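Since the structure comes first, as C-alpha cells, the remarks are kept for the end.
As a basis for the values below, the full set of heavy atoms in this structure was taken, side chains included, without hydrogen atoms, waters or symmetry mates. Residue numbers begin at 1 in each chain, while the letters A, B, ... track the order of the sequences. These numbers come from a predicted model, not from an experiment.
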2 protein chains.
Amino acid sequence: MANQDIDYIDLKILQALLENAFLTHKEIGAKVHLTGQAVGARVRKLTDLGVIDGYTLRWNPGKIGLTVHAFLTVFMNSNQSHQSFRDFVLSNEAVTEVHRVSGEGCYWLRIRIGDSSELNKLLDSVLKYGNYRLSLSIEQIK
Amino acid sequence: MANQDIDYIDLKILQALLENAFLTHKEIGAKVHLTGQAVGARVRKLTDLGVIDGYTLRWNPGKIGLTVHAFLTVFMNSNQSHQSFRDFVLSNEAVTEVHRVSGEGCYWLRIRIGDSSELNKLLDSVLKYGNYRLSLSIEQIK
DNA sequence: AGTAACTCCTTTCACGGTGAAAGTATAAAG
DNA sequence: CTTTATACTTTCACCGTGAAAGGAGTTACT
C-alpha cells in the first residue's frame with residue numbers, strides 16, 4: 001500500500017473508524033471484504049498521509065460537571081491584541097476549540113465550563129480583547 | 001471499581017485518552033502509578049457512567065478534498081419548519097455538527113464541504129428554513 | 001507473447017495488550 | 001478484633017497486531 005491515492009474503500013474505513021475507532025481491523029475488514037492485515041496497511045497509509053491525525057474520545061463533559069457548552073464569536077477591538085488573545089485562549093482550559101474566522105467576527109471559540117458564574121468570569125476576560133456574541137448550546141442534535 | 005465517584009486519577013486518565021486514545025492501559029498506568037489492569041477497570045467505570053461515549057478519530061477532512069470549514073448560525077423563519085430542518089441537517093453529510101442554541105439564532109451548524117460552490121448550494125437549501133449568518137474557518141488555532 | 005517490475009492482497013507467526021479470576025491490602029463499621 | 005467492602009496487583013489464556021513471505025493481477029517494455 002504505497003500508492004498515495006485514497007479510494008472508496010479507504011473512505012469506508014475512515015467512516016467506520018469515525019463511528020468507532022476501536023473496531024478491530026478484522027471487523028472493518030468484514031465490512032469492506034479485506035483481511036485485517038490489509039485494513040491495517042490502509043489505516044497506516046491514511047495515517048502517513050495525514051488524513052488520520054490521531055485517536056481521541058467521544059465523551060460527555062456534562063457528566064464531570066462541565067454543564068455549560070457555549071459558542072463565542074469574538075470581535076477584536078485592536079490589531080495589537082491578537083497575540084495576547086491567542087495566548088489567552090490557548091492557556092485557558094475552558095476554551096476547547098478556537099478558529100480564526102472570516103465573516104462574523106475575528107475568532108470563534110467553543111467553551112466548556114462548569115456553570116454560568118464561571119462563564120461570566122471568562123466573558124469578562126474576553127472583554128479585554130474585544131466584544132463578543134454568545135450562544136449557549138441547549139441540545140446537541142448531531 | 002464500583003464506587004461511582006470520579007477522582008483526580010480518573011481525570012488524568014481522561015486527559016491522557018483525549019490526547020491519544022490508543023495509549024495502552026499500561027502506558028497510562030505509568031503516568032498515574034497504577035497497573036494496566038487497574039486503569040482498564042477505571043476506563044470501564046468511566047464508560048459505564050457515560051463519561052466516555054466512545055472512541056473516534058482526530059482527522060483532516062481537507063486532505064480528502066473537504067477544504068471548506070464553515071460555521072452557520074441559522075435563524076428560523078417559522079415555528080413549523082423545525083422538524084423538517086432537523087431531518088435536513090441529520091441527512092446532509094456536509095453538516096457534521098448541529099446544536100439547538102439560545103442567544104444568536106436558533107441553530108448552530110458546522111459544515112465540512114468540498115468548495116464554495118457546493119457551500120453555495122447548501123446555503124440555498126438552508127434559506128428554505130430561515131436566514132443564516134456564515135463564518136468561514138481560516139485557521140484552527142486550538 | 002514473454003518477462004520484469006510493481007502493487008496490493010493473503011497467510012503465517014511471534015509479541016504483547018486485554019479482561020477475567022484470584023489473591024492481597026487497607027479502611028470503615030459493628 | 002473480626003467483618004465487609006473497595007480497589008489494587010498478580011497471573012493467565014485469548015486474540016488483535018505488524019512483520020515477513022508468498023501469491024495474484026496489472027502494466028510496461030522488448
Side-chain angles (χ1 to χ4, degrees), chain A residues 1-67 93 112 114, chain B residues 1-67 93 112 114:
Chain A
M1 186 48 68
N3 188 336
Q4 304 294 55
D5 294 341
I6 291 171
D7 64 12
Y8 175 70
I9 293 180
D10 292 321
L11 293 179
K12 292 268 284 182
I13 292 173
L14 257 183
Q15 204 178 340
L17 287 174
L18 278 168
E19 248 181 61
N20 178 9
F22 268 15
L23 287 173
T24 66
H25 295 164
K26 199 184 195 177
E27 288 168 316
I28 298 170
K31 299 186 180 193
V32 298
H33 310 294
L34 288 178
T35 58
Q37 288 78 353
V39 172
R42 281 168 177 271
V43 170
R44 224 170 300 130
K45 180 190 72 173
L46 290 168
T47 304
D48 292 341
L49 288 175
V51 178
I52 295 177
D53 257 356
Y55 299 86
T56 186
L57 298 180
R58 207 177 311 112
W59 72 302
N60 209 327
K63 299 245 173 168
I64 62 162
L66 300 174
T67 56
E93 69 172 8
R112 288 285 202 174
Chain B
M1 186 50 68
N3 187 338
Q4 304 294 55
D5 294 341
I6 292 172
D7 63 12
Y8 175 70
I9 294 180
D10 292 321
L11 293 180
K12 292 269 285 181
I13 292 173
L14 256 184
Q15 203 177 340
L17 287 175
L18 278 168
E19 248 180 61
N20 178 8
F22 268 16
L23 287 174
T24 65
H25 295 165
K26 199 185 195 178
E27 287 168 316
I28 299 170
K31 300 185 181 194
V32 299
H33 310 293
L34 286 177
T35 58
Q37 287 77 355
V39 173
R42 281 169 177 270
V43 170
R44 222 169 302 129
K45 180 189 72 173
L46 289 168
T47 304
D48 292 342
L49 288 174
V51 177
I52 294 176
D53 257 355
Y55 299 86
T56 186
L57 298 179
R58 206 178 311 112
W59 72 302
N60 209 327
K63 300 244 173 169
I64 61 162
L66 300 174
T67 57
E93 68 172 10
R112 289 284 202 176

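Between B/Asp53 and A/Lys63 there is no salt bridge, since no side-chain N of the basic residue sits under 4.0 Å from a carboxylate O of the acidic one.
Rounded to 10 degrees, the angle separating the terminal helix axes of the helix from C/dA1-D/dT30 to C/dG30-D/dC1, each built from five base pairs, is 10°.
Between the B/Thr67 side chain and the B/Gly114 main chain, a donor and an acceptor come within less than 3.5 Å of each other. Although no hydrogens or angles enter the test, the distance criterion places no donor-acceptor pair under 3.5 Å between the side chain of A/Arg112 and the main chain of A/Gly62. Side chain of A/Thr56 to main chain of B/Glu19: no donor-acceptor pair is present (N/O by atom type, distance under 3.5 Å, no hydrogens or angles).
Taking only side-chain nitrogens and oxygens, B/Arg42 never comes nearer than 4.0 Å to OP1 or OP2 of D/dA7.
When rounded to the nearest whole Å, the span between OH of A/Tyr55 and P of D/dT17 equals 10 Å. Rounded to whole Å, atom P of C/dT7 lies 21 Å from atom CD of A/Gln37. Between the CG atom of A/Asp10 and the C1' atom of C/dC8 there is a distance of 12 Å, rounded to whole Å. Rounded to whole Å, the distance from CG on B/Leu34 to C1' on C/dA25 is 14 Å. Between the P atom of D/dG18 and the CD1 atom of A/Ile28 lies a distance of 11 Å, rounded to the nearest Å. Following rounding to the nearest Å, B/Glu27 (CD) and C/dG17 (C1') show an atom-to-atom distance of 10 Å. Straight-line distance from the CZ atom of A/Phe22 to the C1' atom of C/dG17: 11 Å, rounded to whole Å. The CG atom of A/Asp5 sits 17 Å away from the P atom of C/dC6 (whole-angstrom rounding).
Taking the side chain as every heavy atom from C-beta outward, B/Ile9 and B/Arg42 approach each other to under 4.5 Å. The closest side-chain heavy-atom distance from A/Leu11 to B/Ile64 is below 4.5 Å.
Note: B/Phe22 and A/Tyr55 have parallel aromatic rings, judged against thresholds of 30 and 60 degrees for the angle between ring planes.
Checked options A/Leu14, A/Leu46, A/Ile13; the residue passing with A/Ile6 is A/Leu46 (criterion: side-chain contact (heavy atoms from CB on, under 4.5 Å)). When the options A/Asn20, A/Val39, A/Leu34 are evaluated for a side-chain contact (heavy atoms from CB on, under 4.5 Å) with A/Ile28, the one that passes is A/Val39. In summary, of the residues considered (B/Asp7, B/Asp10, B/Asp5), a salt bridge (Lys or Arg N to Asp or Glu O under 4.0 Å) with B/Lys45 occurs for B/Asp10 alone.
More than 12 non-hydrogen atoms from other residues, nucleotides or ligands lie less than 6.0 angstrom from CD of B/Glu27.
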Could you go through nucleotides 14-16 of chain D and list every protein N or O atom that sits under 3.5 Å from one of its N or O atoms, giving the distance for each pair?
residue	atom	partner	partner atom	Å
D/dG16	OP2	A/Lys26	NZ	3.4

Between N or O atoms, less than 3.5 Å apart, protein on one side and nucleotides 24-27 of chain D on the other: list the pairs.
none

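The side chain of B/Arg44 lies closest to C/dG19, out of C/dG19, C/dC8, D/dT10.
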